[in-house]
Amino acid sequence: MAAVSDRLPAFPWDKLEPYKATAAAHADGIVDLSVGTPVDPVPQLIRRALIEAADSPGYPTVWGTVALRDAITGWVRGRLGASAAEHRNVLPVVGSKELVAWLPTQLGLGAGDKVAYPRLAYPTYEVGARLCGAEAVVYDDPTELDPAGVKLLWLNSPSNPTGKVLAKEDLVRIVAWAREHGILLFSDECYLELGWEAEPVSVLHDDVCGGSYEGIVAVHSLSKRSNLAGYRAAFVAGDADVLGELLEIRKHGGMMTPAPVQAATVAALGDDAHVEEQRERYAARRAALRAALEAHGFRVEHSEASLYLWVTRDEPCWDTVAHLAGLGILVAPGDFYGEAGARFVRVAFTATDERVEAAVKRLG
């Protein structure tokens, strides 16, 4: 039973528990800025759609309803600039983390294959490689990799944890390189709606991929933009052959988005007002925390998008975690995301307005 789990790294968040206890002991309670989990209400129109679809006694389909595929393709065309997207170019998934973790296995990768991802990255890219027995390799610029054996290339823009955004010209260059070497490119774009000092662009944009989705797939989630982390609502879009293969595998695996969640997703993708409202909340929290952190002696790097500030006091990250925990503020140590983050911490601005205000006061 331990054979598979032995391939995996220690679950990083367990190491944070003692610091969480310290922060929780603060007289005014903990301000948890470690995990980027939404805290604001699910918009009413999405809740209504979920409730109205609650009487769903039958099995949903893996590919989703026609209404869901219409909603996804419409959003992909309008928001991502992927004008040629059709139903065969989209596939709903049960939350994006599930997709990331199990994609290499579902692609049939294994020993001798390489999965590449950014040097500073969401840990689940590495987990996915380890689950199937592939080799995990990191990069600063993917086009500088030795392409031999690389079967899957992950991009992440905007980045988790740094908030860095890849420029359109860089995406064009990377897509061309991956195609030249026959490497399947998956782009994790779950924070695309949350650009602050840069406008994120999808790999599916006509100007990036030339209107062809050959060899490229984008991953999107409604967790952040619509406060639907609890719904596990996400989808992939891109190469029809790749998605067709995944669809067949996922049919056998019973990987179905629940019917009420499918209906809620249709409602969420059809409304921009709630997205803009949530952006405004996050923008205000971001501005307040950034000013307070800089006044406290932190330097902010990148952070032009996403739900995080990537900051440093030029000291080991666990020293910073301990310092902030003493103020009742919990943050994520940068080494959770790779050795290159060893002197940074990631600060989420997903706490409530009241908790953000408390953090600002303590930092002052």
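Bear in mind the structure is a predicted one, so any value in this text is a computation, not a measurement. Index from 1, following the sequence.
- The two residues Thr22 and Ala325 have their closest heavy-atom pair at CG2-O, 3.7 Å.
- Taking the six-membered ring for Trp and thresholds of 30 and 60 degrees, Tyr19 and Trp318 have ring planes inclined between 30 and 60 degrees apart.
- Counted within 6.0 Å of NZ on Lys114, heavy atoms from surrounding residues, nucleotides or ligands total more than 12; the atom is thus considered enclosed.
- In this structure, Ile216 CD1 and Phe186 CZ are separated by 10.5 Å, a value rounded to the nearest 0.5 Å.
- With values rounded to the nearest 0.5 angstrom, Arg250 atom CZ is found 9.0 Å from Leu247 atom CG.
- Salt bridge Glu199/Arg79: present, at least one basic N to carboxylate O contact under 4.0 Å.
- Under a cut-off of 6.0 angstrom, the local environment of NZ in Lys97 is sparse, with at most 12 non-hydrogen atoms contributed by other residues, nucleotides or ligands.
- Distance OG/Ser223 to CG/Leu228: 7.0 Å, rounded to 0.5 Å.
- Checking Arg346 against Tyr337 by side-chain atom types alone, a donor-acceptor pair falls below 3.5 Å.
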| request: I would like to know whether Arg173 and Glu169 meet salt bridge (charged side-chain N to carboxylate O under 4.0 Å, His left out); could you show each step before the answer? | output: CA-CA 6 Å; Arg173 176 175 57 84; Glu169 54 268 27; over 6 Å; no
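- Atom CD of Glu98 sits about 11.5 Å away from atom OG1 of Thr124, to the nearest 0.5 Å.
- No more than 12 heavy-atom neighbours from other residues, nucleotides or ligands sit within 6.0 angstrom of CD on Glu214.
- Using a 4.5 Å cut-off between side-chain heavy atoms of Ile, Leu, Val, Met, Phe, Trp and Tyr, with links allowed through other members, Val35 and Leu293 fall into the same hydrophobic cluster.
- Taking every heavy atom of both residues into account, Leu192 and Ser202 meet most closely at CD1-N, 3.8 Å.
- Heavy-atom neighbours of Trp102 CH2 from other residues, nucleotides or ligands within 6.0 Å: at or below the threshold of 12.
- In this structure, Glu339 places its CD atom where only 12 or fewer heavy-atom neighbours from other residues, nucleotides or ligands lie under 6.0 Å away.
- Between Ala264 and Ala49, the shortest heavy-atom contact is CA-CB, 4.0 Å.
- Between Arg286 and Glu197 there is a salt bridge, since a side-chain N of the basic residue sits under 4.0 Å from a carboxylate O of the acidic one.
- If you check the side chains of Ser96 and His220, you find no donor sitting under 3.5 Å from an acceptor.
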| field | Verdict with supporting geometry, Asp14 and Lys20, salt bridge (charged side-chain N to carboxylate O under 4.0 Å, His left out) | value | CA-CA 10 Å; Asp14 291 343; Lys20 185 174 184 179; over 6 Å; no
| task | Evaluate the salt bridge (charged side-chain N to carboxylate O under 4.0 Å, His left out) criterion for residues Arg285 and Glu354: first the C-alpha distance (whole Å), next the side-chain angles of each, then the deciding distance (0.1 Å), finally the verdict. | result | CA-CA 10 Å; Arg285 293 166 186 165; Glu354 184 274 332; over 6 Å; no
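- A centroid separation of 6.0 Å or more is found between the aromatic rings of Trp196 and Tyr282.
- Tyr122 and Leu194 are members of different hydrophobic clusters when ILVMFWY side chains are connected at heavy-atom separations under 4.5 Å.
- Side chains of Thr257 and Gln262: a donor-acceptor N/O pair is absent below 3.5 angstrom, by distance only.
- Salt bridge absent: Arg48 and Glu52 never bring a charged side-chain N and a carboxylate O closer than 4.0 Å.
- Between Thr61 and Thr65, the shortest heavy-atom contact is OG1-N, 4.2 Å.
- Residues Asp28 and Arg355 form a side-chain contact, since some pair of their non-hydrogen atoms from C-beta on lies under 4.5 Å apart.
- Rounding to the nearest 0.5 Å gives a distance of 9.0 Å between CH2 of Trp177 and CG of Leu185.
- The closest side-chain heavy-atom distance from Leu120 to Ser159 is not below 4.5 Å.
- Distance check: Met255 CE to Leu91 CG gives 10.0 Å after rounding to the nearest 0.5 Å.
- Cluster annotation: Leu109 is connected to Val93 through the hydrophobic network of ILVMFWY side chains, with a link wherever side-chain heavy atoms come within less than 4.5 Å.
- Between Phe298 and His296, the ring planes lie parallel to each other; the angle is under 30°, not in the 30° to 60° tilted range.
- Remark: the Tyr191 side chain and the Tyr308 side chain contain an N/O donor-acceptor pair separated by less than 3.5 Å.
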| field | Arg299/Asp314 under salt bridge (charged side-chain N to carboxylate O under 4.0 Å, His left out): CA gap, chis, key distance, verdict | value | CA-CA 8 Å; Arg299 186 176 74 254; Asp314 295 308; 2.9 Å; yes
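- Summarising the geometry of Val203 relative to Cys209, their closest heavy-atom pair is O-CB, 3.4 Å, with the distance given to 0.1 Å.
- A salt bridge does not link Arg343 with Asp319: none of the charged nitrogens is closer than 4.0 Å to a carboxylate oxygen.
- Under the 4.5 Å side-chain heavy-atom criterion for ILVMFWY residues, no single connected hydrophobic cluster contains both Ile174 and Trp154.
- Considering all non-hydrogen atoms of both residues, Cys190 and Ser221 come closest at SG-CB, 3.6 Å.
- Using a 4.5 Å cut-off between side-chain heavy atoms of Ile, Leu, Val, Met, Phe, Trp and Tyr, with links allowed through other members, Leu171 and Leu184 fall into different hydrophobic clusters.
- At least one side-chain heavy atom of Tyr231 sits less than 4.5 Å from a side-chain heavy atom of Val42.
- Under 3.5 Å, the side chains of Glu315 and Thr320 contain a donor-acceptor pair of N or O atoms.
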